[in-house]
Every structure is written in C-alpha cells, then in structure tokens.
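Here is how names work: the chains are called A, B, and so on, in the same order as the sequence lines, proteins then strands, and each is numbered from 1. Quantities reported herein were computed from a predicted structural model and do not represent experimental measurements.
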Protein chains: 2
Amino acid sequence: MKVSDTAEIRTLPLFRDMDDAQFEVLIRGAYVQTFPPQIELITEGEPSDFLHIVVEGTVELFATWNGHQTTMATVRPLGTFILAATIKDAPNLMSARTLERSRLVLLPSEDVRNVFETDSAFARAIVVELAQCYRMSIKNTKNLKLRSSIERLANHLVRKQIEAGGAKSFELDVEKRRLASYLGMTAENLSRAIKTLQSYGVTIDGAMVTITTPEALLNLAKPMPLIDDPEH
Amino acid sequence: MKVSDTAEIRTLPLFRDMDDAQFEVLIRGAYVQTFPPQIELITEGEPSDFLHIVVEGTVELFATWNGHQTTMATVRPLGTFILAATIKDAPNLMSARTLERSRLVLLPSEDVRNVFETDSAFARAIVVELAQCYRMSIKNTKNLKLRSSIERLANHLVRKQIEAGGAKSFELDVEKRRLASYLGMTAENLSRAIKTLQSYGVTIDGAMVTITTPEALLNLAKPMPLIDDPEH
DNA sequence: ATTATCGTTTGATATTTATCAAGCATCCAA
DNA sequence: TTGGATGCTTGATAAATATCAAACGATAAT
C-alpha cells in the first residue's frame, strides 16, 4: 500500500484521532485494489467482509426489490462504505458498483471491529460518523416524503451550485439516469423536469448546468438546512 | 425517579453494559415527566437538550417542510429519541409530540455526551444503537423508493401480524391518518388501499385487521428481510 | 341526551409520475 | 469512418397519487 494513500486515509475524521499502533493494525491488514468500471463490489444481503474506502474513482450504492432498482448514494474520494454493516457484522443493505475505473482500500471488517473494541478514540470517531450517516438518511427521507420530484431536483441543483463554489455554471457529476434514480424519478421525467426548470432560469445542456436567476430557483426549491445542509 | 423506572431503563441495550457509577451519573441528572396528549416535546431545528426515553405512552416523531408534515416514526416504551442529535450536539431533525398521556425520562444531552466520553462500554453500545438506527432508516428509504403505497401498506400489515405473534386478527396501534402519513400517502388513499386489499384477503374494521388469506397478501407484499426485518 | 368536533370514508376531479414507443445524440470500437 | 450500443429526449398514454367536497361515524364535552 502506498504511503500517500495511507497518509490520505489518516486525515479522514474516522481515522484522524486513533492510536498510531491501531491504525497500523488496520493498514497492515488492508488491501488496495483497482477495479474497472461496472464491477459489483458488494452485493446486498451478503455479509460485510470489508470496510471500503474510495481513494480514486466513483462508486454507486444501489438497492433492489422485486425487479426494481434505485440509486441510494454516490461515493467519491475519500468516502467509505458501509460502516454500519461492518460494525454490526450484519449483511449489507445495499450493493455497490464502480461507475468508472476506481481504486479502493479494503479494510477487513473483522479488523475494524477488533480495533473498534480496543481503541476508544476510534470508537468515538465511529459514533460521530454513524450519527452523521443516520442524520443524512433522515434528511433524505424528509426530502422524499415532503417534496415533489421537481422540488427535489431544484434543491439538488441549488446544493450542487453551492458545492461548486457558487459558480453560475457547473457540471453534473453523474449520468442523468442515475441522478433520476437517486432523486426517485424516471429518466424521462427528469428530462421533462429539466425543461420545466427553464422557466426558473435553469438551463442544462448535456452535463452543464447554468443557473441564470438563482432567486427564481430558490423560490421554487425553498431549501432548508434541516434537509439540505449535509453539515447541519 | 422511581426505582422500577431505573431498573427498566437499565435493561435497554444502550445502558445494559455500562459502568454502574456512570449509569448513576445519568440517573442523578435525569428528569421524569408525565405529559398530556398532543404536547410538542421537541421541535425540529432546536438544539437537542435531552435524550428522551419513553417509559409509558406513545410519542410521534414528525417533520415538516413548506406547510407539509409527515410522520417519521412512532416511539413506544422503551424507546428513545433522538440519540444522533444528542451525541452530535446538533439540532433535532424531527419534532416529537405525545399522542396520549405519556411518561418520559429525560437525560440531559450534556450528561450523555460526558458519560459517552468516559465510559467505553456505553460508547460501544451507542455505536450499536446508531448503526441500528441508520440501517432502519436505509430500509425505510428502500421501502419508499422501491414500492408503491399499496405495497408498503401490505408489507406493514405483514410485519404487524408477525409482531402480533402471527394472530389472524390484530389491532392497528395508530390512527389511520398517522399510519397513512408514515407510509407516505394521504388518509384518503389509505382508505382506498385498504379496500383494494380486500381482494387479497384483508379486512379492516375500525382498528381491527383480519388477514384471511396470508398467502395472497404475501404474494402482493413480497417482504424481504433487507427491507422489512428490523433485526436483520 | 345532545351537540360539536374530529377522524374516516366515498366520490369526483386534478395532478403527478410511470410506462411504452420512437427518434435523436453521443461515444467508442472495429 | 462507420456501425452499434447506449443514453437522452419527446410524445402519447396509463397508472398512481393528491386534492377537494361532502357525508358519515365515533367520541368527547356540555
């Protein structure tokens, strides 16, 4: 494993404050692997063998039922999945696939659980991380239950613009059909929703989003920290 | 605070394995209060002052946006809310109201955070609890995104029957309009969905549910541990 | 016992969302 | 350069879901 990877992972809140020796234990047992696009890394229902860390590339988390499939999240560097399953030694509730060539660090779940039992700083960091994940999921539920699909799209764009530093134009970082699935709508309806947003000063050409009248969009989106702010 | 309450709370997974002295610290700082129905106990957006434990009665967690409101969960003895906000010292993402006369134990969030820093057994229990909550929320998201409202209702009934020990008849424990909101539908459509379920061998008279042909209902519901089993 | 209130049900209608089919655009490999 | 393949868009239609209005029924307060 490259030293630069190790150093990068160490900066994550999850590993930042843990004991040097215990971090070493995790790193010694770790695997680094590069995967081509469209590889299924984990499958829902299977036991969680590893805590995955995305060092490079993009991973999609998705879930299925009765022939349907939905995108639950997109994980980019330096994101991890799926901590809850690793800690509880429980089956994964989601599957994961690479969307592009991706490099991942795999920490054996058993090692993570062992270090969790030993290193109380790590345990505390895990608490904070899980609380964060839980709150994110609650926000997502509110988003789904309280808003229509076009309102969800509007808020997604508002948020992405903030993440792009407030730039008038920015690029969508996922395929539209995956964005649609994430937002809980079909690709067809995303296409139509985008058209509707033109009257709110939004134009989307390919992956390029331009927001000409942010006030109009905000007036539709009505964003709220308790749903839309990942930090809140 | 009554000794019987203390003993009961001590049996919760969250408090079971913690240090006696630290548990004492929590109990010493605790308040016990009985509330009439329809009292708003916490408000979304407000800081989390207490970890609430429902000892008697029923509490509804709900969220609002732009004039809309949705039921997020129902908490009964011995359930707690909202651990993630308490631990992160973050604002509550949901509001809570009593649905009936209810007795609650309130642990000051600051105490909980302090003991969490001190008692590693408590910290580990919090990890398990948060992981559980997170997974529950993910399952709920899958339920919402992958199923239609009638499928959600069907699965809810299947689950409630299991919780009723498999009895052919059992009672709904919440008002229908709240059940509707929890399931992400209107009260009117819940009423119609119940009618539709008659052809699947389900009759609901008032709060009394009777399932005459479980096979037919199961065939519609297609329950799946990765969505419907709270233990999984 | 009576009235008032509130939850539930039903019907009519509107809106939202999905599905199906076709054409268009883009990208990549032969 | 040229086919595919795949993703995106558009139109037509169907299904799911929400809204509005009214009636009904249970419950609680007077």
(request) With the side chain counted from C-beta on, respond yes when A/Thr213 and A/Tyr200 share a heavy-atom pair under 4.5 Å apart, and no when they do not. (result) no

(request) Under 4.0 Å between any heavy atoms, over every strand shown, what does B/Glu188 touch: base, sugar-phosphate, or nothing? Just pick one. (result) base

If you compare every side-chain N and O of [X] against the phosphate oxygens of [N] (OP1, OP2), does one of them come in below 4.0 Å?
X: B/Ser191; N: C/dT8; answer: no
X: A/Asn189; N: C/dT17; answer: no
X: B/Lys195; N: C/dT10; answer: yes

(message) Check B/Glu44 with A/Lys142, please: is the shortest side-chain N to carboxylate O separation under 4.0 Å?
(response) yes

(request) In plain terms, say whether A/Arg76 and A/Asp173 are close enough for a salt bridge, that is, a side-chain N and a carboxylate O under 4.0 Å apart. (result) yes

Taking atom [atom1] of [X] and atom [atom2] of [Y], what is their separation to the nearest 0.5 Å?
X: B/Leu93; Y: A/Ile227; atom1: CG; atom2: CD1; result: 9.5 Å
X: A/Ile9; Y: A/Met1; atom1: CD1; atom2: CE; result: 3.5 Å
X: A/Ile82; Y: B/Tyr134; atom1: CD1; atom2: OH; result: 7.0 Å
X: A/Leu106; Y: A/Leu41; atom1: CG; atom2: CG; result: 8.0 Å
X: B/Met72; Y: B/Met94; atom1: CE; atom2: CE; result: 5.5 Å

(request) Could you identify which residues of residues 139-157 of chain B place a heavy atom less than 4.0 Å from some atom of DNA chain C, listed by residue number, or say none? (result) none

(request) Please list, by residue number, the residues of residues 198-208 of chain A whose heavy atoms come closer than 4.0 Å to an atom of DNA chain C; answer none if no residue qualifies. (result) none

(request) Return the nearest nucleotide to the side chain of B/Arg192; candidates are C/dT10, C/dT8, C/dA18. (result) C/dT10

(request) Name the first nucleotide and the last nucleotide along DNA chain D (5' to 3') that come under 4.0 Å of a heavy atom in chain B. (result) D/dT17 to D/dC20

(message) Please verify the inter-ring angle class for A/Phe81 with A/His52; under 30° counts as parallel, over 60° as perpendicular, anything in between as tilted.
(response) parallel

(message) Is there a side-chain hydrogen bond (donor to acceptor under 3.5 Å, both in side chains) between A/Gln69 and A/Ser181? Walk through the geometry before answering.
(response) CA-CA 8 Å; A/Gln69 181 172 319; A/Ser181 178; over 6 Å; no

(message) What I want to check is whether an N or O donor and acceptor connect the side chain of B/Arg178 with the base of C/dG7 at under 3.5 Å.
(response) no

